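Computed from a prediction, not measured in an experiment: that's the story for all the values here. The first residue of the sequence shown is numbered 1, and numbering continues consecutively from there. Atoms considered below: every heavy atom in the structure, side chains included; atoms not considered: hydrogens, waters and symmetry mates.
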Amino acid sequence: MRIDSIRQRLQAQGAKHCHEQRVLQAWARGLSVDTRHRRAEDFLPLRVRAVLPALLGELQGLARLRSEHPDADGSARLLVALADDQLIESVLLPRNGLCVSTQVGCAVGCRFCMTGRSGLLRQLGSAEIVAQVALARTRRPVERVLFMGMGEPAHNLDNVLEAIELLGTVGAIGHKHLVFSTVGDRRVFARLPQSPVKPALALSLHSTRAELRARLLPKAPLIDPEALVDLAECYARATGCPTQYQWTLLAGVNDGDEELNGIIRLLTGKYAMMNFIPYNSNEGLGFSRPSWEHASAMAARLQQAGIVTRLRNSVGQSIDGGCGQLRARVQDHLVTSQK
């Protein structure tokens with residue numbers, strides 16, 4: 001379901017724009033359509049009120065909590081069932097953040113990511129993306145939304161941008177607290193500047209060496225890392241929000257001096273920050289995380305070179321916190337139980 005289809009259904013019942021906004025606001029924020037000062041019956045047209053219970057019930061059914069897996073670090077991974085019983089993941093993050101999925105599966109096939117192993121099963125509609133926020137807000141406040149869960153947002157651009165626009169308006173999320181993550185796609189750099197809500201950009205870089213990056217992200221667009229950084233820099237300067245470069249640290253793969261020198265060469269003087277994220281181990285994928293001491297030394301060297309760097313401890317280490325791990329575990333269990 002797309003947000004535009006919800007609007008059309010409300011319009012068919014005589015709703016004006018202000019009525020649509022009231023209904024969508026209540027849903028996206030996890031609130032009642034009634035407010036302290038104004039009840040729905042005093043505001044919404046009769047025909048809209050007549051269909052509202054069924055519509056809200058349908059919206060709530062777009063994303064249903066299958067299971068919740070909290071961790072001591074304050075995060076909680078949510079296994080979410082969609083209306084067609086496909087499974088996706090959302091992650092409640094510390095400090096009122098939420099990571100949402102944009103696809104069931106993913107076509108990029110990153111070698112270190114569990115999600116890519118299943119390939120792309122289907123796109124999420126914009127309403128299904130917002131429904132993850134509405135569901136999460138029944139658990140705790142949500143003030144930041146990161147489009148970094150299952151899927152590549154650039155491959156579902158219309159639905160993701162429609163969800164971002166709603167969340168950045170009636171959904172009450174600050175524009176710089178909406179983070180669009182991508183492996184890099186020229187369509188993203190063409191479309192994001194035209195969007196009425198311009199999110200912050202997170203670019204999954206992972207290597208400054210074109211050959212290695214192509215091996216790690218085999219189905220990402222073949223754009224040279226230097227060209228990617230130039231495209232991201234233009235967007236960062238235009239929006240006044242630094243690009244967040246995502247770098248999953250893989251021991252013995254992309255954590256050496258050659259990569260550090262490459263990062264310094266590419267990002268010196270750029271409106272950017274580097275997020276180092278030690279690999280969240282996935283059994284059977286053949287990668288491991290470097291020691292915390294080594295990762296800290298890498299971050300310190302970039303800081304000394306004048307590049308803002310954050311070393312992020314991967315959340316959810318004890319709860320299958322890597323993208324796609326929980327879903328994969330549940331799917332494997334279902335397959336095993338059916339044999």
Side-chain angles (χ1 to χ4, degrees), residues 1-3 6 23-33 52-106 114-115 118 121-151 153 156 159-160 163 166-167 170-173 178 280 314-335 337:
M1 183 186 291
R2 295 192 61 171
I3 293 164
I6 301 171
V23 173
L24 291 169
Q25 178 186 66
W27 168 55
R29 296 191 190 184
L31 303 173
S32 169
V33 178
L52 195 56
L55 176 61
L56 291 177
E58 188 175 342
L59 295 179
Q60 291 171 359
L62 291 177
R64 310 182 312 276
L65 183 63
R66 173 78 174 266
S67 60
E68 180 173 353
H69 305 260
D71 193 42
D73 61 14
S75 66
R77 183 163 289 274
L78 307 180
L79 185 65
V80 177
L82 304 176
D84 62 356
D85 292 326
Q86 290 282 2
L87 298 176
I88 58 170
E89 298 176 24
S90 304
V91 184
L92 293 165
L93 302 169
R95 299 181 298 280
N96 297 339
L98 176 69
C99 183
V100 299
S101 294
T102 57
Q103 297 177 305
V104 182
C106 183
M114 187 66 76
T115 299
S118 63
L121 300 180
R122 75 167 177 86
Q123 307 284 14
L124 293 191
S126 55
E128 291 177 306
I129 297 170
V130 174
Q132 295 171 71
V133 180
L135 173 64
R137 279 175 159 166
T138 67
R139 321 299 294 175
R140 64 172 77 165
V142 173
E143 298 172 354
R144 296 181 297 124
V145 178
L146 292 70
F147 295 81
M148 296 182 182
M150 295 173 58
N156 191 16
N159 281 299
V160 173
L166 184 73
L167 293 172
V170 298
I173 305 289
L178 293 161
N280 201 331
S314 305
V315 300
Q317 283 290 305
S318 68
I319 54 169
D320 287 331
C323 186
Q325 283 182 266
L326 179 59
R327 179 183 181 276
R329 187 180 70 181
V330 171
Q331 296 284 56
D332 289 345
H333 174 74
L334 289 174
V335 170
S337 64

Min side-chain heavy-atom separation [X]-[Y] under 4.5 Å:
X: L93; Y: L146; result: yes
X: V33; Y: L56; result: yes
X: L124; Y: Q132; result: yes
X: L92; Y: E68; result: yes
X: V130; Y: W27; result: yes

Atom pair [atom1]/[atom2] of [X] and [Y] - distance to nearest 0.5 Å:
X: S90; Y: L135; atom1: OG; atom2: CG; result: 7.0 Å
X: L121; Y: C106; atom1: CG; atom2: SG; result: 10.5 Å
X: L24; Y: I3; atom1: CG; atom2: CD1; result: 7.0 Å
X: I88; Y: E128; atom1: CD1; atom2: CD; result: 7.0 Å
X: N96; Y: I173; atom1: CG; atom2: CD1; result: 9.5 Å
X: R144; Y: L178; atom1: CZ; atom2: CG; result: 11.0 Å

Next item on the list: State which residues pass side-chain hydrogen bond (donor to acceptor under 3.5 Å, both in side chains) with N159; sequence neighbours excluded, sorted by chain then number.
Entry: R2, N156

Item checked: Qualifying residues under side-chain hydrogen bond (donor to acceptor under 3.5 Å, both in side chains), relative to Q123, sequence neighbours excluded -> Q103

Next item on the list: Report the residues that fulfil side-chain contact (heavy atoms from CB on, under 4.5 Å) with D85, sequence neighbours left out, ordered by chain and then residue number.
Entry: R64

Closest heavy-atom contact between [X] and [Y]?
X: V133; Y: A28; value: CG1-O, 4.3 Å
X: L87; Y: M150; value: O-CE, 4.2 Å
X: T102; Y: G151; value: OG1-C, 3.8 Å
X: S75; Y: D73; value: OG-OD1, 2.6 Å

Note to self: I'd like to know if the side chain of R137 and the backbone of V142 have a donor-acceptor N/O pair within less than 3.5 Å.
What the structure shows: yes

Note to self: Donor-acceptor check, side chain of S101 to backbone of E89, threshold 3.5 angstrom: yes or no?
What the structure shows: yes

